[in-house]
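What's counted below: heavy atoms across the whole structure, side chains too, no hydrogens, waters or symmetry copies.
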Amino acid sequence: MLDLALQRNAQLADYQNPKFSNISHYDSVHGTEYLPTLRAYIESRYNPLVASRMLSVHRNTVDYRIGRIQELFGIDTNDAEELFELQVSFKIQDYLDVQSLM
């Protein structure tokens with residue numbers, strides 16, 4: 001039963017945008033906070049001021065990080081489909097994180 005659950009979770013992870021895992025890996029290696037910044041940016045409906053408040057950082061920090069995310073990972077913040085895929089990736093990760101606690 002556990003093997004089946006792990007298999008399903010692995011299959012679910014396949015639906016995450018590959019850039020999501022690239023950013024996560026980059027953050028862990030370099031000590032950056034690009035993934036939380038991207039999440040706040042998406043959850044704030046692409047409003048850097050609201051995202052900065054969510055993260056308790058200056059708005060310029062959010063602007064800088066979003067710029068770096070665009071440069072490093074090729075994310076187009078004007079591409080609604082790509083942003084939606086990344087939003088779904090966050091939801092999948094949230095689900096997988098909860099499942100790992102069970």
Side-chain angles (χ1 to χ4, degrees):
M1 187 71 152
L2 181 60
D3 289 337
L4 182 59
L6 292 174
Q7 184 180 11
R8 272 189 258 140
N9 288 350
Q11 290 171 341
L12 188 57
D14 289 341
Y15 288 98
Q16 288 179 301
N17 184 309
K19 293 176 184 179
F20 181 88
S21 61
N22 292 344
I23 298 169
S24 179
H25 178 72
Y26 189 94
D27 278 353
S28 66
V29 170
H30 297 283
T32 54
E33 295 187 23
Y34 294 142
L35 203 57
T37 301
L38 183 59
R39 177 180 210 138
Y41 183 72
I42 291 170
E43 289 179 358
S44 70
R45 295 191 174 131
Y46 323 115
N47 185 323
L49 181 59
V50 173
S52 71
R53 290 179 182 152
M54 293 168 69
L55 296 167
S56 300
V57 298
H58 194 276
R59 181 203 164 136
N60 290 347
T61 301
V62 171
D63 288 337
Y64 171 79
R65 290 178 185 170
I66 294 300
R68 291 293 292 155
I69 289 166
Q70 291 170 326
E71 292 171 22
L72 292 170
F73 308 104
I75 292 174
D76 181 359
T77 56
N78 294 313
D79 183 344
E81 186 174 330
E82 183 169 40
L83 292 174
F84 176 73
E85 289 175 6
L86 289 163
Q87 184 178 20
V88 169
S89 296
F90 281 111
K91 298 298 183 187
I92 291 170
Q93 192 60 50
D94 290 345
Y95 174 80
L96 294 174
D97 290 345
V98 168
Q99 292 300 308
S100 71
L101 297 175
M102 295 180 156

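Inspection of the Ser21 and Gln16 side chains reveals no N or O donor paired with an N or O acceptor under 3.5 Å.
Remark: Asp63 CG to Arg68 CZ distance equals 14.5 Å, nearest 0.5 Å. Taking OH of Tyr41 as the reference point, atom OG1 of Thr77 lies at 4.5 Å (rounded to 0.5 Å). For the atom pair CG of Leu86 and CD of Glu81, the computed distance is 11.0 Å after rounding to the nearest 0.5 Å. Residue Ser28 holds its OG atom at 12.0 Å from CD1 of Ile23, rounded to the nearest 0.5 Å. The CG atom of Asn78 sits 8.0 Å away from the CG atom of Leu83 when rounded to the nearest 0.5 Å. The OG atom of Ser89 sits 10.0 Å away from the CZ atom of Phe84 when rounded to the nearest 0.5 Å.
The main-chain N or O of Asn17 is never found under 3.5 Å from a side-chain atom of Glu85 such that the two would form a donor-acceptor pair.
Transitive grouping of hydrophobic side chains (ILVMFWY, heavy atoms separated by less than 4.5 Å) keeps Ile92 and Phe90 in distinct clusters. The same ILVMFWY cluster, assembled from side-chain heavy atoms under 4.5 Å apart, contains both Ile66 and Val57. In the hydrophobic cluster analysis, where Ile, Leu, Val, Met, Phe, Trp and Tyr join through side-chain heavy atoms closer than 4.5 angstrom, Val62 is grouped apart from Met54. Under the 4.5 Å side-chain heavy-atom criterion for ILVMFWY residues, no single connected hydrophobic cluster contains both Val50 and Leu35.
Across all non-hydrogen atoms, the minimal contact from Lys19 to Ile75 is CD-CG1, 3.7 Å. The shortest non-hydrogen separation linking Asn60 to His58 is N-ND1, 2.9 Å. When all heavy atoms of Tyr34 and Leu72 are compared, the closest pair comes out as CE1-CD1, 3.7 Å. Between Pro48 and Arg59, the closest heavy-atom pair is CG-NH2, 3.8 Å. Counting all heavy atoms, side chain and backbone alike, Leu55 lies closest to Arg65 at CD1-NH1, 4.3 Å.
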task: May I have the step-by-step check of side-chain contact (heavy atoms from CB on, under 4.5 Å) for Val88 and Tyr15, ending in yes or no?
output: CA-CA 9 Å; Val88 169; Tyr15 288 98; 5.9 Å; no

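Counted within 6.0 Å of OH on Tyr46, heavy atoms from surrounding residues, nucleotides or ligands total more than 12; the atom is thus considered enclosed.
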